[in-house]
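Comments concern the structure below.
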Amino acid sequence: MLVAPRSSCKFLIPIILFVDIRPETNGRIVYLQIPEGKVVAAGTVLAKLNDADLQAQLQKIKVQLELATINEQRNKKLVLAKGINQSDYDISLQQVNSLKADMAYTQSLIDKTIIKAPFTGQLGLKQVSLGAYTTTATTIATLQKVDQLKVDFTLPEVYQNYIKVGKKLIIESIANPGVKMNATIAAIEPQIIATTRNIKVRANLQGKLMPGAYTKVFLGENQQKPSIMVPSNVIIPDSKVKQLVVVKNGKAKFVNVETGYRTASAVEITSGVQLGDSLIVAGMLFVRDGSDLKIGKTLPLADIIK
C-alpha cells in the first residue's frame with residue numbers, strides 16, 4: 001500500500017484581470033492615442049469621437065439659458081414689486097431650471113464621446129484606426145492591470161475547511177515550473193457550485209505573471225499527514241458505495257471505501273482499508289467475494305502509481 005504525504009493540492013486556473021475598452025456611444029474617431037504595450041494612468045484620454053453636433057446643441061442651449069436667466073431676474077424684481085403674479089415668475093424660473101437640465105444632459109453625451117482609461121494598466125494592441133466609425137460593440141484596445149493580479153480557482157467542497165480569508169498560498173507558473181510565488185486568499189464564494197460541487201476562491205497574487213496564464217495552486221495543508229493512495233482504476237463503482245478488492249488469508253474480500261483527494265492517476269482512500277493491506281489491481285471483474293486466490297506476483301503501489 002502506498003503512503004504519500006498530502007502536502008499540497010494542485011489546480012489549473014486562469015489569472016485574468018483586464019477590460020475591453022469600448023465607446024459608450026456610436027461615432028467617428030477624430031482623436032486616437034493608443035501607446036501599444038505601454039502603461040497608462042487612470043483617466044488618460046485614449047480616443048475621442050466626433051461631437052460637433054452635440055457641441056452645437058450645447059451652444060444653442062447656453063444662448064437660450066442666458067436669455068431665460070435675464071427674463072427670470074426681471075420677473076423676480078417685478079413679483080417683488082407686485083407687478084406680476086407669482087405663477088408668471090414660477091414659469092420663468094422653471095424654464096431656467098429646464099434649460100440647465102438640458103445643458104447637463106447634453107454635456108453628459110459629450111463626455112461619452114471621450115474614451116478614458118478606467119484604471120492604471122498596460123494597454124494591448126490597437127484594434128481601430130483614426131477616422132473609423134465605431135459602435136458600442138467595437139473594441140478599441142484592451143487594458144491589463146498587471147501590477148495587482150488576482151487568482152481565481154476552484155476546489156472540491158471536501159476542502160472547505162482548508163481555506164479561509166487571509167490564508168497564504170503558493171502559486172507556481174506552468175510556463176516557469178519551479179518558480180514559486182505567494183498569494184493570499186481575498187474572498188470565497190459563499191455558495192458551492194451545484195453542478196460541480198466546487199468552491200470558487202479568489203486570491204491576491206504577490207508576483208508578476210502575464211494575465212490569462214495558467215498556474216498551479218498549492219494549498220500546503222496537512223504536510224505531515226500520510227494518505228493512502230491507490231490507482232483510480234482499481235475502485236469498483238456501485239450505485240450506492242465504492243469498493244476495493246483486498247486479499248485476506250488467500251481469499252478475495254470486497255470492502256466498502258470512502259474516497260477523498262484525487263490526482264490524475266490516483267485516489268485517496270480515507271476509510272475502508274489499512275496500511276499494509278494487499279489490493280488486487282487487475283482483473284477485479286473476474287473475482288468473486290470469498291473466492292480463493294493464488295498470488296503470483298506482488299508489487300508496491302509506488303511502482304504502479306506514476
Side-chain angles (χ1 to χ4, degrees), residues 4-22 24 42 117-122 124 136-137 139 141-225 227-229 232 235 237 240-242 257-271:
R6 201 167 80 190
S7 59
S8 63
C9 297
K10 305 177 183 180
F11 306 93
L12 294 177
I13 52 90
I15 302 178
I16 302 175
L17 183 59
F18 73 96
V19 294
D20 291 330
I21 299 177
R22 297 174 180 172
E24 294 186 70
F119 53 81
T120 301
Q122 185 174 358
T136 54
T139 299
T142 60
L143 185 65
Q144 321 277 343
K145 194 172 183 65
V146 296
D147 58 337
Q148 296 179 3
L149 292 179
K150 297 183 183 296
V151 180
D152 287 353
F153 65 97
T154 59
L155 73 164
E157 61 177 320
V158 68
Y159 298 112
Q160 59 181 318
N161 294 329
Y162 297 154
I163 56 173
K164 62 180 179 179
V165 175
K167 177 181 174 61
K168 302 297 182 181
L169 305 174
I170 300 297
I171 306 295
E172 179 181 326
S173 173
I174 297 295
N176 298 304
V179 178
K180 309 290 185 179
M181 289 168 287
N182 295 323
T184 305
I185 294 180
I188 302 172
E189 187 71 38
Q191 182 178 2
I192 296 175
I193 303 173
T195 55
T196 60
R197 309 308 305 171
N198 287 337
I199 304 172
K200 190 171 184 179
V201 183
R202 175 166 294 173
N204 295 326
L205 178 66
Q206 301 170 10
K208 291 186 178 181
L209 279 176
M210 290 190 66
Y214 278 86
T215 70
K216 291 181 180 179
V217 177
F218 295 82
L219 293 181
E221 284 293 340
N222 297 339
Q223 296 187 0
Q224 304 301 322
K225 179 182 176 181
S227 299
I228 298 176
M229 306 292 291
S232 55
I235 297 178
K240 296 181 180 179
V241 296
K242 300 174 183 177
V257 296
E258 294 182 4
T259 59
Y261 172 65
R262 289 178 176 267
T263 66
S265 60
V267 180
E268 178 191 20
I269 303 300
T270 58
S271 67

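Since we're looking at a predicted model, the values are computed, not measured.
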* Check against side-chain contact (heavy atoms from CB on, under 4.5 Å), Ser232 and Val267 -> CA-CA 5 Å; Ser232 55; Val267 180; 3.6 Å; yes

Specify the closest pair of heavy atoms between [X] and [Y], including all atoms of both residues, with the distance to one decimal.
X: Ser173; Y: Thr215; answer: CA-CG2, 4.2 Å
X: Met229; Y: Ala266; answer: CE-CB, 4.0 Å
X: Pro118; Y: Ala42; answer: O-CB, 4.2 Å
X: Phe119; Y: Lys145; answer: CE1-CB, 3.6 Å
X: Asn198; Y: Pro156; answer: OD1-CA, 3.4 Å
X: Asn204; Y: Ala186; answer: ND2-CB, 3.6 Å

Side-chain touch [X]/[Y], heavy atoms, less than 4.5 angstrom:
X: Ile192; Y: Arg197; value: yes
X: Ile171; Y: Val217; value: yes
X: Val257; Y: Ser271; value: no
X: Leu169; Y: Thr184; value: no
X: Val201; Y: Leu155; value: yes

* Ring-face cation contact, Phe218 with Lys180, 6.0 Å cut, 45° max ->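 Here Lys180 passes the 6.0 Å and 45° test against Phe218.
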
* **Chi angles and distances behind the side-chain hydrogen bond (donor to acceptor under 3.5 Å, both in side chains) call for Asn182, Lys168** => CA-CA 7 Å; Asn182 295 323; Lys168 302 297 182 181; over 6 Å; no

* Asked: Going by atom types only, do Lys242 and Thr259 share a side-chain donor-acceptor pair under 3.5 Å?
  ->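 Distance-only check passes for Lys242 and Thr259.
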
How long is the straight-line distance from [atom2] of [Y] back to [atom1] of [X], given to the nearest 0.5 Å?
X: Ile185; Y: Tyr162; atom1: CD1; atom2: OH; answer: 13.5 Å
X: Ile228; Y: Glu268; atom1: CD1; atom2: CD; answer: 9.0 Å
X: Leu149; Y: Gln144; atom1: CG; atom2: CD; answer: 9.5 Å

* Check against side-chain contact (heavy atoms from CB on, under 4.5 Å), Leu219 and Ile163 -> CA-CA 8 Å; Leu219 293 181; Ile163 56 173; 4.1 Å; yes

* **Candidate pair Ile188 and Ile199, rule side-chain contact (heavy atoms from CB on, under 4.5 Å), full reasoning** => CA-CA 8 Å; Ile188 302 172; Ile199 304 172; 3.8 Å; yes

* Asked: After noting the C-alpha distance and the side-chain angles of Thr154 and Lys200, does the key distance pass the side-chain hydrogen bond (donor to acceptor under 3.5 Å, both in side chains) rule?
  -> CA-CA 4 Å; Thr154 59; Lys200 190 171 184 179; over 6 Å; no

* **Arg202 atom CZ, over 12 foreign heavy atoms within 6.0 Å** =>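 At most 12 heavy atoms, drawn from other residues, nucleotides or ligands, come within 6.0 Å of this atom.
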
* For side-chain contact (heavy atoms from CB on, under 4.5 Å), just list the numbers for Ile235 and Ile269, CA-CA rounded to whole Å, side-chain angles, deciding distance to a tenth of an Å, and then say yes or no. => CA-CA 10 Å; Ile235 297 178; Ile269 303 300; 4.3 Å; yes

